[in-house]
Amino acid sequence: MTSPATDAVPLTAVGWDERLQARFASLDLTDPHGLQPGRIARVDRGAMTVLIDRASIRAELSPPLRRLAAGGEPEAIPAAGDWVAVRTRPDHALHEIVAILPRDGAFVRRAPTAHDRAEGSEPAQVLAANVTIAFLVAAATDVRAGRLERAGVVAWEAGAQPVVVLTKADLVADPSPAIATAEAAVPGVPIHLVDSVTGEGIAALAPYLVGTPTIVLLGASGVGKSTLANALLGGDVLATGAVREADGRGRHTTTARHLVPLPGGGALIDTPGIRAIATWGASEGIDRVFEEIEAFAAECRFSDCAHASEPGCAVRAALESGEIDPARFERFQRVERERVYEAQKQDPALAAERRGKWKQINKAMRKRGDEKHV
Ligand SMILES: Nc1nc2c(ncn2[C@@H]2O[C@H](COP(=O)(O)OP(=O)(O)OP(=O)(O)O)[C@@H](O)[C@H]2O)c(=O)[nH]1
Ligand SMILES: [Mg+2]
Ligand SMILES: [Zn+2]
């Protein structure tokens, strides 16, 4: 739905700067035809849409990157928001992405199915990369604490500042219960109430648009992410739609993650509603979102207290006195179990092997460049 004109912006308008230029240079990729920096706007099955300076092009992964991505290496799996080195190939239908720059952070999801776990193979999915602000979008008519908690955890882990945006303000007589639920779910996170259709409340989001932020919109299908995106973009850039709940599953209007330049600088990444966000390896994020539980846990007699039946458990005491909400504690435990499971799986040998592979690729890239010089 994006017009070419929207995408034809200077790369600096979507956040390219000297820091990234230095990162690009340190890849030490040589090529007589020249490589240029770009930012992935969209990932489709075989090809990516990449914003380069003042243009938008289509590109595919180089064969070594493709092999790594197929092997499930998150660093090689391209995502909206990734900074890349592109080799332009006028003689090909698609240009070529030869490197993905190291990320500041990413929303990574590994397939959490029992089968994948048993197999030990977990095809990772990188949802978005290099995000600075995450709008946790929920409809004021139906705020789910569990969703906000998980979204908050992954936002912190991805290095993004979470901000709650409650849409459909026009459909609730009294927004205070919605706000109270959000406040309790992600303590300390700013909360905004908007009606994206009339634009009411949108102006209050202006401070987040200063500079060149990369903002991702997270939230269930139908909460109004794309409608909010259009309000921020100042036009009908993204498709929106009524959700059909007839089959109980709804229908996603947005089907792919998609980065679009913001008119005043920066970029917005719209996403399809993600059903259950898994929180992989998220420990700092858990501490921040469940701060009151962590505060009580610090008072437990044993530092490794599991808050089950240990003596001197401050969390149990707080649950009994009503200072901790039992439903929230249950969700905390679930997220915490996922984290522990992931942490145990972090195999140092695997990590070393992965680093080795990357060295090989970089070497292969340099050699390739040198050969062409001869
Ligand atoms: N009344 C009202 N309706 C809204 C508001 N925001 C969105 N809607 C409506 O909600 C429906 C879904 O909006 P979308 O923006 O497509 O929702 P989405 O989150 O992008 O959904 P997916 O792409 O499926 O993930 C549309 O009919 C919108 O017009 C709002 O603030 N107020
Ligand atoms: Mg959408
Ligand atoms: Zn305890």
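Just so you know, ligand 1 is whichever comes first in the structure, and atom 1 is the first atom listed for that ligand. Quick caveat, the model's predicted, so the values are computed rather than measured.
Below 4.0 Å from some heavy atom of Asp195 lie the following atoms of ligand 1, by number and element: 30 (C), 31 (O), 32 (N). Which parts of ligand 1 touch Thr227 is read off a 4.0 Å heavy-atom cut-off, strictly below it: atoms 6 (N), 7 (C), 13 (O), 14 (P), 15 (O), 28 (C). Those atoms of ligand 1 that come under 4.0 Å of a heavy atom in Leu171, given as number and element, are 1 (N).
In summary, Arg316 and Glu320 do not engage in a salt bridge, as defined by a charged side-chain N under 4.0 Å from a carboxylate O. A salt bridge is absent between Arg147 and Asp142: the closest approach of a Lys/Arg side-chain nitrogen to an acidic carboxylate oxygen does not fall below 4.0 angstrom.
Between Gly224 and ligand 1, at least one N/O pair is under 3.5 Å apart. Considering both main-chain and side-chain atoms, Thr240 never comes within under 3.5 Å of ligand 1 through any nitrogen or oxygen pair. Close N/O approach between Lys225 and ligand 1 is found [any backbone or side-chain N/O within under 3.5 Å]. In terms of polar-atom proximity, defined here as any N/O pair under 3.5 Å, Asp270 makes no such contact with ligand 1.
With contacts defined as side-chain heavy-atom distances shorter than 4.5 Å, the pair Val335/Glu149 does not qualify. Ile100 is not listed as a side-chain neighbour of Glu75, based on a closest heavy-atom distance of 4.5 Å or more.
Residues Val172 and Val164 do not share a hydrophobic cluster, clusters being chains of Ile/Leu/Val/Met/Phe/Trp/Tyr side chains in contact below 4.5 Å.
Heavy-atom distances between Gly222 and ligand 1 reach below 4.0 Å in at least one pair.
Residue contacts to the Mg ion (ligand 2): Thr227 brings no N, O or S atom closer than 2.8 Å.
Heavy-atom neighbours of Glu310 CD from other residues, nucleotides or ligands within 6.0 Å: above the threshold of 12.
Geometry about the Zn ion (ligand 3) gives an angle of 100° between ND1 of His307 and SG of Cys305, rounded in steps of 10 degrees.
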Verify side chain to side chain contact (heavy atoms under 4.5 Å, CB included) between Ile133 and Thr214, making sure each step is shown before the conclusion. CA-CA 6 Å; Ile133 298 173; Thr214 299; over 6 Å; no

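One distance of note links CG of Leu259 with CD1 of Ile269; it measures 4.5 Å at 0.5 Å rounding.
Which of Asp170, Val172, Val197, Val165 comes nearest to atom 4 (C) of ligand 1 through a heavy atom is settled by distance: it is Val197.
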